[in-house]
Amino acid sequence: MDRAAIVHDNFLRRVAARDFPEGSAPTGPLSGHEAVALYRAQCLSRALDRQSRAMQKAGQGFYTIGSSGHEGMAAVAAALRPTDPAFLHYRDAAFQIARSDQVPGQSPTWDILLSFASSSEDPISGGRHKVLGSKALCIPPQTSTIASHLPKAVGAAYAVAAARRHRPEHADMPEDAIVFCSFGDASANHSTAQGAFNTAQWTSFQSVPLPLMFCCEDNGIGISTKTPKGWIAATFANRPGLKYFSCDGLDLFDTYRVAQQAADYVRSRKKPAFLHVRTVRLYGHAGADMPTTYMPKAEVEAEEANDSLLHSVRLLDQCGAMSPDQALGVYNDTCARVARVAEQAVTRPRLQNAKEVMASLLPPARPCAPTNGPTPERRAEVFGGDLKAHSEPQIMSRLINWALTDLMLEHGEIVMMGEDVGRKGGVYGVTQKLQTRFGPDRMIDTLLDEQSILGLAIGMAQNGFTPMPEIQFLAYLHNAEDQLRGEAATLPFFSNGQYTNPMVVRIAGLGYQKGFGGHFHNDNSVAVLRDIPGLILACPSNGADAARMLRECVRLAREEQRLVVFLEPIALYPMRDLHEAGDGRWMQTYPDPSERIGFGEVGVDGDGDDLAIVTFGNGVYLSHQARTALQADGIKTRIIDMRWLSPLPKAALTRAVTGAKRILIVDETRHHGGVAEALMAHFHETTDVPLARITAEDSFIATGPAYAATMPSKDSIEAAARSLMEAGT
Ligand SMILES: Cc1ncc(C[n+]2csc(CCOP(=O)(O)OP(=O)(O)O)c2C)c(N)n1
Ligand SMILES: [Mg+2]
């Protein structure tokens, strides 16, 4: 017999026999009337768990992770406001149901059953996932990737406070909201979670407002691995900057009392708290998991004997709010009603094809109030002496700095965050003076943790800011990459476009830094970014393009709510000359703020029709160097700068090579998994002309004299071009 049926039978039998587990008498501010309402929410949560299993057995439901044992979370919801953003653990159906009682017009039974049935009418994910969430209830859906939602909860809490100082047009979290974020006891150990706790502590330690309630639902186990007894209390009770509260999650009265104290603390002090809720886990981890295969049966039975619902019936009886018979009636009626509603839910339509699945991959556009830009006086004041230099040729890092300045002037909701971006102005000076110009509120020097940087950005984006986080070096993205892949990029997808986190992530990267850094500072792989659905990857090759592209990237984020990565080639930041020292040919003047390069628009330099070199970043620079010798030998060459690496600007690329007799791809990323693979495939599919590619080796980059040895060079490009020209002649 499966454990769900055993728990159900036990409940019926023990309530009828008035055989309740022991526990404290009801105490605290929860009224009998309120307790009954919470018990109803608990029963609905339990009935839904049972129904999800029945639906799976019948092939009508597809995922059964449940909330049984965790129904005390209903009392936590009751202690909060329905407008407090809640980033929930997957065991929080009772939380969501109790919250739906606080908002008129909700239909949690129907909504959650549609989600179980993967119906396209499921109001939160449109049939893409069995997931808790509701726009009306301020519950953004969360992935099941353990702890990955904690960094953005920190970001959202920061954003609540930041929006009090400067409210973005699209802010929707109330100014006195607290952000709620729950997770399991095993999840609390994840380095992502630990990073988030630490960031919250680091922030509150400095008295920066952070209205955030962490909530650990401690059932003592994670799938089959036990949490050492007392571990959560031992490790969280005495952390600087994080006030600890603890309650018995099997006791609605105690949970409500303590959760309310914690909520009052967070709301009034604007400081983070850690609410430790002790629960049990019934039925094992999820549908197919049999706890008796890794736990002694007696232990499983002892947990079951501590059923949270039995405790609630006992407490309701003790406070005189409801008799056990009435409670049993509520339980049975709820189960019957859920079964009836489920019969309807499974008849509702499901997603049918790729087009329907993908309909929410890209977020919807949003209207933004027009801005007239800054007044000339304000601009002159902010740029100061730099303004005069706008008409003189400049290096890329300077032009990016000015573009960022103009963008921040124009859009008050832009905030930047990263390691050393503020006071120092970035490792390469790209963000110099911005903190003086716009203040530490908008130029945030973060602590040293890339997951927290991206989490801060995601959370702030969810409250209407346009974050521009910086990752100091591309190689340092990788320990935080899931924040883009698993969190930021998926949110519109599985919230059916209802939740978004638009931003422009600036990353300094790629190779060719003369004599500096080795493979930590010269990372020439962008494979992890190119296969993330919906993510836009942009890479300029010169300063003027960088300025124009940045403006487009910010437009894409603000107006189209897109997730954009702007990859800045470090080696080109200071580049002045192209062919010889002092020629100044890789510098440009600052393009007028009205100029933009549209998304997917490629750059074409020259109209030579013997050879089209298709490249990007440093490859554009090197190809320009190589072209002089090729042209001298009569090989008429055009250079096509992709600018947009992902999604591949296919139509523009096809147009750009039209008429060229040969195509050479110059790709500074690796042979395997590099950009050239996609370009080869595209041109192979769309043209008949001979193709060749030159790429970096499948290697990491060395420091010292061999710094460029593994990557394309002027000479290797020239040689590849000549041999391609000879091929087939
Ligand atoms: C990053 C990551 N690693 C592993 C998993 C697989 N996994 C799913 S739930 C879980 C256990 C979580 O236990 P706990 O945090 O205590 O929550 P509980 O299920 O007990 O409520 C694991 C290991 C995952 N979802 N994400
Ligand atoms: Mg657990």
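Counting starts at 1 for both ligands and their atoms, in listed order.
Metal site remark for the Mg ion (ligand 2): Asp185 contributes an N, O or S atom at a distance under 2.8 Å. Put simply, Ile221 gets within reach of the Mg ion (ligand 2), with an N, O or S atom under 2.8 Å from it. The Mg ion (ligand 2) does not have Ser187 among its coordinating residues (no N/O/S atom, backbone or side chain, under 2.8 Å).
Checked against the 6.0 Å centroid criterion, the rings of Phe116 and Tyr63 do not qualify as a close aromatic pair. Between His8 and Tyr331, the gap from one ring centroid to the other is short of 6.0 Å. Between Phe236 and Tyr244, the distance from one ring center to the other does not fall under 6.0 angstrom.
No part of Thr227 comes within 4.0 Å of ligand 1, judged by heavy-atom distances. Heavy atoms of Asn219 found under 4.0 angstrom from ligand 1 belong exclusively to the side chain. The residue Glu217 has no part lying near ligand 1, judged by heavy-atom distances below 4.0 Å.
A side-chain N or O of Gln561 and one of Thr500 form a donor-acceptor pair less than 3.5 Å apart. Between the side chains of Thr279 and Glu217, no donor-acceptor pair is found at a separation under 3.5 Å. Counted by atom type alone, Asp122 and Ser125 present one or more donor-acceptor pairs between their side chains at under 3.5 Å. One side chain, Trp231 or Asn189, offers a donor N or O that lies under 3.5 Å from an acceptor on the other. Between the side chains of Asp248 and His311, no donor N or O sits under 3.5 Å from an acceptor N or O. There is no side-chain donor-acceptor pair under 3.5 Å between His70 and Asp92.
Remark: ligand 1 atoms within the under-4.0 Å shell around heavy atoms of Ala186 are 13 (O), 14 (P), 15 (O), 16 (O). Distances below 4.0 Å separate heavy atoms of His190 from the following atoms of ligand 1: 1 (C). Residue-ligand proximity, Gly184 to ligand 1, at heavy-atom distances under 4.0 Å covers atoms 14 (P), 15 (O), 16 (O), 17 (O). Close approach of ligand 1 to Thr145 (heavy-atom distance below 4.0 Å) involves ligand atoms 1 (C), 26 (N). Atoms of ligand 1 lying under 4.0 Å from any heavy atom of His89, numbered from 1 in the order shown and given with element: 17 (O), 18 (P), 21 (O). Less than 4.0 angstrom separates some heavy atom of His285 from each of these atoms of ligand 1: 9 (S), 10 (C), 19 (O).
Comparing heavy-atom distances from atom 15 (O) of ligand 1 across Ser187, Gly284, Ser148, Ser182 singles out Ser187 as nearest.
At most 12 non-hydrogen atoms from other residues, nucleotides or ligands lie less than 6.0 angstrom from CZ of Arg40.
When only non-hydrogen protein atoms are considered, atom 13 (O) of ligand 1 lies nearest to Gly222 CA, 3.2 Å. When hydrogens are left out, the protein atom nearest atom 25 (N) of ligand 1 is Ser144 O, 2.7 Å; that is the closest non-hydrogen contact. Atom 23 (C) of ligand 1 has as its closest protein heavy atom Ile223 CD1, 3.7 Å. For atom 24 (C) of ligand 1, the nearest non-hydrogen atom of the protein is Ile146 CG1, 3.3 Å. Residue, atom and distance of the protein heavy atom nearest to atom 17 (O) of ligand 1 are Tyr90 OH, 3.3 Å.
Aromatic ring orientation, Phe214 versus Phe274: tilted (interplanar angle from 30° to 60°).
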